[in-house]
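Chain letters run A, B, ... following the sequence lines, proteins first and then strands; every chain starts at 1. Note that the structure is predicted; figures quoted are calculated from it, not measured.
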Amino acid sequence: MFEWLRHLGAWTIDALWKLGFASRFLLAIVLHSGQVLLRPQLLIREMFFAGVLSLIIIMVSGLFVGMVLGLQGYNTLVRFGSADALGTLVALSLLRELGPVLAALLFASRSGSAMTAEIGLMKATEQLDAMAVMAVNPVARVIAPRFWAGVLSLPVLTALFNVMGIFGGYYVGVVLIGLDEGSYWAQMQNAVDLHDDVINGLIKSVFFGIAVTLIAVFEGYDAEPTAAGVSSATTRTVVTSALVILAMDFVLTAFMF
Amino acid sequence: MKRATIDLWVGIFVAIGLASVSFLSLKVANLTSSNGGATYALYAEFDNIGGLKVKAPVKSSGVVVGRVTGIELNADNYRARVSLALDQKFAFSRDTSAEILTAGLLGEQYIGLTQGGEEDVLKEGDRIALTSSAMVLEQLIGKFMTSMAEKPASGK
């Protein structure tokens with residue numbers, strides 16, 4: 001019984017400790033971001049790994065999500081004789097919720113886990129310590145470029161995901177099922193608002209980008225410097241990111257819409 | 001600092017992002033007139049357009065022959081003035097009639113054109129004179145109710 005209470009207490013204190021360290025870490029990253037501006041090559045390299053290499057998975061998933069939305073949406077809408085509203089359904093669900101959330105989940109598992117593993121391994125092989133010895137701040141040199149690369153890449157990937165999804169819905173609705181092309185686009189354009197839907201969706205993805213990348217670099221930096229430590233840190237990145245994304249999505253949706 | 005292949009890839013990535021955002025804001029959110037093919041403009045005035053929307057299809061015998069390009073209230077006679085862009089391939093006679101129809105009971109509204117018999121055809125900027133308004137469900141039910149109420153009295 002007391003053993004159990006002790007575990008709970010230790011777990012709570014550890015969680016609070018981590019939260020505090022993560023906040024201080026975020027502050028340190030922001031304070032050391034000057035390096036990123038001085039050496040844009042670092043940022044570009046990280047954007048290549050985080051963003052460009054995620055293009056394929058984002059495009060393919062976006063296309064299939066849009067196609068499924070088109071198919072399922074059509075099956076339901078056609079019962080009410082309003083299959084013309086398919087464009088609205090696909091565009092609004094993608095722009096408001098599915099695009100930002102799914103792109104962030106994919107980004108967390110594709111790029112976030114890679115960042116954690118890379119930084120954790122650098123720590124395990126004492127590369128971070130070596131940098132500190134050479135008077136190179138590892139936060140400025142290693143962490144900050146990755147952080148900003150993630151924050152900048154995710155909105156781009158989200159926008160691409162949305163576009164691919166809308167075309168996926170278009171392919172199923174207009175090309176395969178044979179709805180009117182003009183109705184698909186016209187109903188979409190009437191219902192979608194630039195500020196309410198497009199901009200708010202992208203704002204969401206910026207928040208998700210900050211959360212996912214911070215979790216990824218933090219877990220890497222905080223990882224136990226062993227093989228098992230790096231592996232469990234990578235797992236934690238994906239699990240925590242997924243939970244944080246879904247919880248944040250609820251809060252942001254409640255604020256925005 | 002030298003240019004590297006990696007810069008090209010990141011450049012492509014950023015360009016894709018900008019293209020996606022502009023697609024979302026122009027094509028998905030707002031109106032762009034990306035209409036292919038030559039068209040000519042006509043207009044028609046209706047007493048009531050119901051739920052007709054800009055970009056709704058214009059059909060003749062069920063085939064799409066053009067789009068609605070603008071809807072406004074004519075301040076002189078307080079009727080709705082609907083501008084149409086029709087495919088150049090199709091010429092309609094001067095006594096063509098236009099009516100606002102609904103696809104299905106609750107579906108999207110569109111304009112149906114019925115070809116007339118005159119030899120002269122409508123040209124750019126002409127007005128379609130014969131029009132009939134949209135069917136408004138509430139008014140229809142209202143008429144039905146009043147006629148139901150009147151029937152017993154007139155029957156005797």
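Within residues 83-103 of chain A, the residues having any heavy atom under 4.5 Å from a heavy atom of chain B are, by residue number, A:Asp84, A:Ala91, A:Leu95. Near-neighbour residues of residues 14-23 of chain B relative to chain A, defined by a heavy atom under 4.5 Å from a heavy atom of that chain, comprise B:Val14, B:Ile16, B:Gly17, B:Ser20, B:Val21, B:Phe23.
In this structure, A:Ile56 places its CD1 atom where only 12 or fewer heavy-atom neighbours from other residues, nucleotides or ligands lie under 6.0 Å away. Annotation: B:Lys53, atom NZ; neighbour count of heavy atoms from other residues, nucleotides and ligands within 6.0 Å does not exceed 12. Other residues, nucleotides and ligands contribute at most 12 non-hydrogen atoms within 6.0 Å of the CE atom of A:Met59. By the neighbour-count criterion of 12 heavy atoms within 6.0 Å, atom CZ of A:Phe207 is sparsely surrounded, having that number or fewer from other residues, nucleotides or ligands.
Of all heavy-atom pairs spanning B:Ser25 and A:Leu194, the tightest one is CB-CD1, 3.0 Å. Residues B:Trp9 and A:Val52 approach most closely at O-CG2, 3.6 Å, considering heavy atoms.
A distance of 10.0 Å separates CD of A:Gln189 from CG of B:Leu26, quoted to the nearest 0.5 Å.
Residue pairs that meet the salt bridge (Lys or Arg N to Asp or Glu O under 4.0 Å) test with at least one member in residues 87-101 of chain B, sequence neighbours left out, are B:Arg94-B:Asp126. Among pairs with a residue in residues 102-117 of chain A, those fulfilling side chain to side chain donor-acceptor pair (under 3.5 Å) read A:Ser54-A:Ser111, A:Thr116-A:Thr237, at least two apart in sequence or across chains.
Proximity to chain B (any heavy atom under 4.5 Å) is shown, for A:Phe49, by neither the backbone nor the side chain. Contacts of A:Ile44 with chain B are made by both backbone and side-chain atoms, with heavy-atom separations under 4.5 Å. With a threshold of 4.5 angstrom between heavy atoms, A:Leu160 approaches chain B through its backbone and through its side chain. When heavy atoms are compared at a cutoff of 4.5 Å, A:Ser153 approaches chain B by way of both its backbone and its side chain. Heavy atoms of A:Leu152 lying under 4.5 Å from chain B are absent altogether.
You'll find the side chain of A:Ile166 reaches within 4.5 Å of the side chain of B:Leu24, heavy atoms only. In this structure the side chain of A:Arg45 never reaches within 4.5 angstrom of the side chain of B:Val10, judged on heavy atoms.
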